[in-house]
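A short worksheet on the structure shown next.
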Amino acid sequence: MCGELRASDADSKVVLMGWVNKRRDLGNLIFLDLRDRSGITQAVITADAGAEVHDRATAVRSEFVVAVIGYTKLREPNTVNKNIPTGEIEVVADELRILNDCKPLPFSPSDTVLANEEVRLKYRYIDLRRPELHRNIELRHQVAIAIRDHLNAQGFYEIETPFMTRSTPEGARDYLVPSRVYPGEFYALPQSPQLFKQILMISGFDKYFQIVRCFRDEDLRADRQPEFTQIDLEISFPRPETVFRVVEGFLKAAFSTIGVELQTPFPQMSYDQAIRLYGIDKPDLRLPAMADVRAAFARENLESLHVDPELPVLAIVIPRVGDLSRKERDELRLLYPARLAQQNIKVLDDTRRLEKSFPQSIPKVRELSGAGTEDYLVIVAAGTVSFGDGNEGQKPPTGGEVGGSYRSGSGAAGNVPSGLSRLSMRERQIFEGAGQVRLALAQKFADRHRLFERKGTGDDYKLLWVTDFPMFEWDETEQRWNAAHHPFTSPHEQDMDKLESDPGAVRALAYDVVLNGTELGSGSIRIHRQDIQAKIFKALGMSPEEQQARFGFFLEALQYGTPPHGGIALGLDRIVMILAGAESLREVIPFPKTAKAVDLMVDAPTPVSERQLKELGIAVVGKKDL
RNA sequence: GGGGUCGUAGUUCAGUUGGUUAGAACGCUGCCCUGUCACGGCAGAGGCCGCGGGUUCGAGUCCCGUCGACCCCGCCA
């Protein structure tokens, strides 16, 4: 093939077939760069090949499909091309056959500057010829194979589940498929095979996996497509660690396809710790953690800064950025979340001025946060005075003495095993606000701190498990508790008694695997007992009728000998994206959709004929008047 | 649903304060060229300035609307 010939192959007869990547016509001497999926080889057409071959070579253009018959020749030392693996050799053509011509292209796979993504997506088949996309698709294949091999070796069965099904309990909107046989009724495409895999456990297939397409009708992002691929698995009789070891095993196998050796087991961190140290539930461990530096300041100092001394004062350290000018800092503020002002959260970014005002404090801050003098230091803290608005649910209490806002008192009892008090709403806002500032800064100064650069070692990839997620989240608009993961997630045994008294304190046996600040996958130990399931539904405020209507079949199944079970699902697209070093999922999916869920190549979705609609019993209403 | 960036030749881009003939590079067409690899040289073709409206003597440029691509928030494990 085109990318395989080396100096050792000199002087052999070869036939190369491929696309003309580039033609260089020097008159009586013509070079063709021949490309196939393995790479590029230069073919030479000299006068010796005869007039007919020469004429054909003259007629050739970019992306013609040709066959070159000839022999391999070592290049003269001064004509070797060091930029390509086949550069020491070339194929001297005796014969050239044009297998197919090619119209002038909207853009060329060999272009160094990429065309607009709209054009690339419309002519996806041309864009896909680019070696970079070829590499990504190959990588995807290799990763999938490595995972299959690993799971197969561990005794997992790959089992398919239906695409035409009914809604599963994830919270996203469904893609619906109308039924001709039952007009007015619909299948739903699975958001995940969640219930089917749990049923498989009930059926005794105690190790299941599937590399499977999932569908969610939600707004898209660079790392979200409406259809995406999950590595889905479920195990009977597991502890969370059972699942962790399996995932670590196949990720290790997947990463070894790019020559990276991962250290296992991955570190673990509770959700609570993640919020406190990183202000987010998917921490990027490549960057330093935040530190509460309240102790570095005297209470009066904080008060003089209008900072609430009862709440965390968080130092964010961005290494090797150095000091910033006033102008730079002003520009940075635009990057901070607008919410901070509404929530009355202060960002103190003028360290020099702080140092002047509080000469003893800043060295202590540096000590507590580990910030060197080369590093950029920002402090995020809760403001005491609300300027005008600040109306965000709980106003900071007026008056001098400021307690934590509601709920923080109850947490001090120490009922959380980590020994930390439970986060109040206000504390959460501060941690999360600081976490966002931290990420914004890290992104902005990536080329200065250089922590995102790849060295090609396992250090480039910081993986961890985040555990002990809260079981429920409070839904402000609906004024009720929602399942944070899904309603079949098992609570911690120690927290069972709080299901009714204090749902917000119940921790779930749920876990995420996180890589460099990206959530790769999410799973849990499931509920296998019907009585506990009923309690959860009750805590969620779901009536028995509603339970029956949505999950009746499953609740029934639970009662027929369900083993303890649990599992996880990981986003294959995201894994490959990170391994490929790509910025977008579209770079690792052969036929992706746009941010508005349109396939520009086939032009989908489209309206359908009245006849088709009628047969399905569907009438379209609310078409935009045009 | 909200915010931002962008839309000019096949492609990537430039286009001054609103001014008369809208430019460049690559690609394309023709000619020349035996060591190129971003080949080189000469000549040429190629434009609904996304679309619709407005302001103006005059709009690629200003205003309003609309469509599309991308990024972010909301939403989504």
Side-chain angles (χ1 to χ4, degrees), chain A residues 21-34 40-49 54 58 61-63 73 75-84 86-87 90 92 103-123 126 168-174 191-192 194 214-226 228 230 232 281-282 334-335 337-339 436 439-440 443 466 469 473 477 483-486 489 510-514 518-524 568-571 574 583-584 586 593-596 598 600 624 626:
Chain A
N21 199 56
K22 208 91 198 234
R23 179 184 65 119
R24 287 177 296 282
D25 187 344
L26 279 62
N28 276 329
L29 182 68
I30 296 172
F31 297 97
L32 300 179
D33 288 340
L34 230 56
I40 289 178
T41 294
Q42 172 170 284
V44 205
I45 291 94
T46 66
D48 298 342
H54 186 268
T58 305
R61 291 294 177 274
S62 282
E63 300 304 304
K73 188 183 133 242
R75 297 202 199 178
E76 300 296 327
N78 59 326
T79 64
V80 164
N81 183 352
K82 295 175 294 282
N83 300 320
I84 56 174
T86 61
E90 63 194 0
V92 181
K103 292 207 308 185
L105 298 144
F107 62 96
S108 162
S110 64
D111 283 346
T112 41
V113 193
L114 287 186
N116 177 324
E117 194 151 10
E118 207 171 339
V119 182
R120 289 171 51 205
L121 287 172
K122 178 168 183 194
Y123 299 96
I126 297 172
T168 54
E170 275 79 11
R173 280 179 273 257
D174 288 316
Q191 295 173 28
S192 80
Q194 184 60 35
C214 301
F215 307 85
R216 289 177 192 163
D217 186 5
E218 293 293 343
D219 289 341
L220 308 178
R221 291 280 192 289
D223 61 352
R224 283 192 230 154
Q225 281 275 308
F228 58 98
Q230 284 196 341
D232 189 49
D281 62 358
K282 43 181 181 180
L334 300 173
L335 297 175
R339 230 170 316 177
Q436 284 168 348
L439 287 181
Q443 218 155 25
V466 179
F469 277 77
E473 281 167 353
T477 45
H485 187 63
H486 58 62
T489 300
Y511 34 79
D512 279 5
V513 57
V514 174
T518 299
E519 178 205 313
L520 285 189
S522 189
S524 64
I568 194 167
L570 284 79
R574 283 187 184 175
E583 294 287 322
S584 156
R586 295 185 297 278
K593 293 183 175 54
T594 68
K596 287 202 174 148
V598 169
L600 291 175
K624 276 177 210 155
L626 271 176

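Only a predicted model underlies this, so the values are computations on that prediction, with no experimental measurement involved. A note on names: the letters A, B, ... follow the listed sequences, proteins ahead of strands, and every chain is numbered from 1.
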Review point. Touch check for A:A569, heavy atoms < 4.0 angstrom, all strands: base, sugar-phosphate only, or nothing?
Key: nothing

Practice item. Let me have a per-nucleotide readout for nucleotides 2-13 of chain B, 5' to 3', with B, S or -, counting only protein heavy atoms under 4.0 Å. Key: --------SSS-

Point to revise | A:D25: side chain to side chain donor-acceptor pair (under 3.5 Å) partners, not counting sequence neighbours | key: A:R23

Exercise for review: Quick one: label A:R586 by what it contacts on the DNA or RNA (base, sugar-phosphate, nothing), any heavy atom closer than 4.0 Å.
Suggested key: sugar-phosphate

Practice item. Could you tell me which residues satisfy side chain to side chain donor-acceptor pair (under 3.5 Å) with A:E118, sequence neighbours excluded, listed by chain and number? Key: none

Review point. Tell me: CG of A:D281 to P of B:A77, nearest whole Å?
Key: 13 Å

**Study point:** Residue list, salt bridge (charged side-chain N to carboxylate O under 4.0 Å, His left out) with A:D223, at least two apart or on another chain
**Key:** A:R574

Review point. Which residues pass the side chain to side chain donor-acceptor pair (under 3.5 Å) test with A:E117, sequence neighbours left out?
Key: A:R586

Practice item. Using the test side chain to side chain donor-acceptor pair (under 3.5 Å), find all partners of A:N78 that sit at least two apart in sequence or belong to another chain. Key: none

Exercise for review: Determine the contact category for A:E90: base if any of its heavy atoms lies under 4.0 Å from a base atom, sugar-phosphate if only primed atoms, P, OP1 or OP2 are that close, otherwise nothing.
Suggested key: base

Check your understanding: Should A:Q191 be listed as having a side-chain N or O under 4.0 Å from OP1 or OP2 of B:C76?
Key -> no

**Study point:** Under the ring pair (Phe, Tyr, Trp, His ring centres under 6.0 Å) test, residues paired with A:F31 that sit two or more places apart
**Key:** none

Point to revise | Any residue meeting ring pair (Phe, Tyr, Trp, His ring centres under 6.0 Å) with A:F469, in chain and number order, not counting sequence neighbours | key: A:Y271

**Study point:** Per-nucleotide protein contact string for nucleotides 37-46 of chain B (B base, S sugar-phosphate only, - none; heavy atom under 4.0 Å)
**Key:** BSB-------

